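One structure is given below, encoded as structure tokens.
The basis for the numbers below is simple: all heavy atoms, side chains too, and nothing from hydrogens, waters or symmetry mates. Being a predicted model, the structure only gives us computed values, none of them experimental.
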Number of protein chains: 2
Amino acid sequence: MDYQKRRRLLKEKLRRKNIDVLLVAQPENRRYLSGYQADDHSAQESSGVLLIPARGRSVLLTDFRYQVQAEQQSDLPVTLYRRGLLQLLQTLLGEYNTRTLGFESDYTLYSTSVKLAALAKRLHLDLAPCDNLVESMRIVKEEAELAVIRESVALNEQIFTNLFSSLSPEMSERQVARTIENMAFEAGCDGISFAPIVAAGPSGAMPHAHPSASPIGRERPITIDMGVRLNGYCSDMTRNFVLGDPDDTYLAVHRLVRKAQIAGIKAIREGVSVGQVDRAAREVIAKGGYGKYFGHALGHGVGLAVHEDPRLSGRSRRKLRRDMVVTVEPGIYLPGWGGVRLENMVIVREDHGEVINRDQTWLDI
Amino acid sequence: MDYQKRRRLLKEKLRRKNIDVLLVAQPENRRYLSGYQADDHSAQESSGVLLIPARGRSVLLTDFRYQVQAEQQSDLPVTLYRRGLLQLLQTLLGEYNTRTLGFESDYTLYSTSVKLAALAKRLHLDLAPCDNLVESMRIVKEEAELAVIRESVALNEQIFTNLFSSLSPEMSERQVARTIENMAFEAGCDGISFAPIVAAGPSGAMPHAHPSASPIGRERPITIDMGVRLNGYCSDMTRNFVLGDPDDTYLAVHRLVRKAQIAGIKAIREGVSVGQVDRAAREVIAKGGYGKYFGHALGHGVGLAVHEDPRLSGRSRRKLRRDMVVTVEPGIYLPGWGGVRLENMVIVREDHGEVINRDQTWLDI
């Protein structure tokens, strides 16, 4: 990936917005701009910050624990803070001739912003909350990124195919989830992109169910939502099926969800609003009589993060742009019975949505 | 756990601080106060908020995706937001006769605080950033919590013992890490408390190394840092050893780290500052000539979060209190050679530190 080019584009933005230095703390943004792969242990524990000046040399700031990783993975010079980031910033910002310091308002904690404000006051700087500066670059994928995403999807599908052929009704939801993780490991992925959802029977009525110790069983709906990460890029796919013979309810619900998914995919092309896409799928489910059982948005962007912009939400008028990558995942969730969700990943093209997935397991039944 | 009692204590605090309603968004704080176990998918994706009034009925606010889980796990009434948290708050806050609305400054994003400020303005409320209200309760463990932590530590040790006897030099760091995860799964834990660190040879010089595809090998230092989660409570332990015969460097470094660990543990008791404990261990390593190769704090609190307060940092004068639980984990990291870190968990008692760990693998060599 061409980190330098990305930073050049970001710096142009900073100059247009009169921001002299931007602090980039969000882990996927850091990786996108520098190759540094560390995640943050939690919202309160940063593994580093990029200091990107509108003019001059960028630098990766981190602490002792991440020094070697930072130096190995990033193309930026690494500077360590020994007594906290703020002390180091106080020293460094002078060197950049900074008047306006930007920070990511959508990742920085309120408590951190208060400390930054105090620092800015001491240094007579303006502090500028920024949002979406890097995310708006990440939202449209480069060709090299699309290639890796395709590989990530293909690998995820291969794992699902192997998994599917090894399923038996006696396996617990947790065992199935564990098998997915082990298969992802064997396949040489970086890891999974989120903890797999394996939900059988009534559990499937929870879109974000935790795998339980109960057997997945026969003759009831099973939802498997899984993804892997390959060279940083995520895949995300949901399949829904029954071991044994599906009953009429299952067939009807599944076919309606699939119809809605196809309608959503058909609505995708450059220039269409995300709300239109969401509604195209939602109307199918509403007309089928299950409108109130589809309570979440139709999909979300996927890239370095498994959930990123754009959200395919009915309330948004945001327009789709070429080479965005989104999921299309309508679902119907019936308390006491279970759920059906089908999820594919789609590239936004000029005049259509290109489905990345090839796996057809139980899609058209 | 007695969630109601904890909420009662928190409400007393709120009344003393003249906060009419506190929003609790931090996942471990939510769980501590209500039993609701969902994690947040990321800093930007909340799975719910507790609304805790100084007077009146508390409620758990979440969305459709988490409804069933919230209702099953929490002892609070659950209210769903369909058009976002802020819209629901606008309705609910009127019912509580709110003048001052508190939020967690150390978990809330700056961008969210801006939205809360706008809401507060519309409703003519004061907005109060709060920190440490729930964390300061969590920091001292109840007897029931200590019992679960002991079980979590014992289980983690059992897994390590099984792992240790199954190690061979040909296994890759990743395979060892994967084995730990599978053993934790088989043992019936909720899961691991963090991705295991398995670092052999030079990798061990990175305190936060990612397991690689390289074999762990013979005659070189191997660091394994692992923990499990049991009923929510974390364990965290590091062992360091050599497959085959350790050389003189290894023996010297390991013994020095162990000596530092013992000095740290001996310094622990109620009323001592965390800085004193850190220094007790650090001085041993400094006197041994390796001072600059121990670049992180001595330890951290453990509970519902694997990293929580108090940090055993040399710069802090915070006092230890009875029934805090902390790790003691000095390390020496030599670039090009590797590292040695030894970590046990300790309960702060009136007149001593009680080591929870029983595992002695390679501790005194």
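Only the backbone of B/R82 comes within less than 4.5 Å of a heavy atom of chain A; no side-chain atom from C-beta onward does. For chain A, the nearby parts of B/N182 are the backbone and the side chain; heavy atoms of each come within less than 4.5 Å. For a residue to count as touching a neighbouring chain, one of its non-hydrogen atoms must lie under 4.5 Å from one of that chain's; by this rule B/D131 does not touch chain A. Within the 4.5 angstrom heavy-atom criterion, no atom of A/V114 approaches chain B. For B/E104, no part sits under 4.5 Å from any heavy atom of chain A, backbone or side chain. Interface remark: B/D39 contributes no atoms to any contact with chain A (heavy atom separation under 4.5 Å).
Summarising the local packing, CZ of A/F185 is surrounded by more than 12 heavy atoms from other residues, nucleotides or ligands at distances under 6.0 Å.
Under the ring-ring contact (aromatic ring centres under 6.0 Å, His included) criterion, A/H307 pairs with A/H300, B/H41, sequence neighbours left out.
Contact between A/F64 and B/Y293 at its shortest, heavy atoms only, is CZ-O, 4.3 Å.
Here the side chain of A/S105 pairs no donor or acceptor atom with the backbone of B/Y110 at under 3.5 angstrom. Counting only distance, with no hydrogens or angles, the side chain of B/Q69 and the backbone of A/M206 share no donor-acceptor pair below 3.5 Å.
Atom OG in A/S42 sits 11.5 Å away from atom CG in B/D40 (nearest 0.5 Å).
Chosen from A/H296, A/E45, A/Q67, the residue pairing most often with chain B at heavy-atom distances under 4.5 Å is A/E45.
Counting only heavy atoms from C-beta outward, the side chains of B/Q37 and A/H210 never approach each other to under 4.5 Å.
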